[in-house]
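Data first, discussion second: the structure below is written as structure tokens.
From a predicted model like this one, the values you see are computed outputs, not experimental measurements. In what follows, residues are counted from 1 in the order of the sequence shown. All values below come from the heavy atoms of this structure, side chains included, with hydrogens, waters and symmetry mates left out.
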Amino acid sequence: MKSRPLASHFDAPALNATRQKKLMTPRTRFFVWYACSLILLGPLGFVVGPLGASYMTRRAERAFPKEAYAARERDLGFNVGQWWIMGLLTVLGGIGTLVLLQALPMLALVLWAQLANG
């Protein structure tokens, strides 16, 4: 079996061409993080979603500065569907937060009773 040189396996112009990575816009990234974290984590998503979105935005800007600038330039804001989904998830997350806050005193009482009885 005869081996070919490694350079013949690849097309030289394809190797030299710079491939631009198309990044999500910052608002789209926020929407994805916010919606997924509220769905998966419930009321904890109110904290995790924005923190995760800002962390991933900084990470993308460090890794791909030109592409991140281009993504910020083409960012037009949230569309109507995103506003409706975020609004609905915010209302449902708020209801879940209220339910958890109402259950907190009973949970503390049960835990205290279990620990006091040994």
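- Both Ile39 and Phe31 are assigned to one and the same hydrophobic cluster, defined by single-linkage of ILVMFWY side chains at heavy-atom distances under 4.5 Å.
- Of all non-hydrogen atoms in Asp75 and Arg27, the two that sit nearest each other are OD2-CG, 3.4 Å.
- Counting only heavy atoms from C-beta outward, the side chains of Leu104 and Leu100 never approach each other to under 4.5 Å.
- No path of Ile, Leu, Val, Met, Phe, Trp and Tyr side chains, each step under 4.5 Å between heavy atoms, connects Met86 with Ile95, placing them in separate hydrophobic clusters.
- At least one donor-acceptor pair under 3.5 Å links the side chain of Gln82 to the backbone N or O of Asn79.
- Taking 4.5 Å as the limit, some side-chain heavy atom of Trp84 sits within range of a side-chain heavy atom of Val80.
- The ring-ring contact (aromatic ring centres under 6.0 Å, His included) contacts involving residues 33-77 comprise Phe30-Tyr34, where partners must be two or more places apart or lie in separate chains.
- At most 12 non-hydrogen atoms from other residues, nucleotides or ligands lie less than 6.0 angstrom from CZ of Arg59.
- Side-chain contact between Met56 and Glu61 is absent, with no heavy atoms from C-beta onward closer than 4.5 Å.
- Side-chain atoms of Trp112 and Leu109, non-hydrogen and from C-beta on, do get closer than 4.5 Å to each other.
- Among Arg62, Arg72, Arg29, the one residue that satisfies the side-chain hydrogen bond (donor to acceptor under 3.5 Å, both in side chains) test with Thr57 is Arg29.
- Checked against side-chain hydrogen bond (donor to acceptor under 3.5 Å, both in side chains), Thr28 has the following partners two or more places apart in sequence or in another chain: Thr25.
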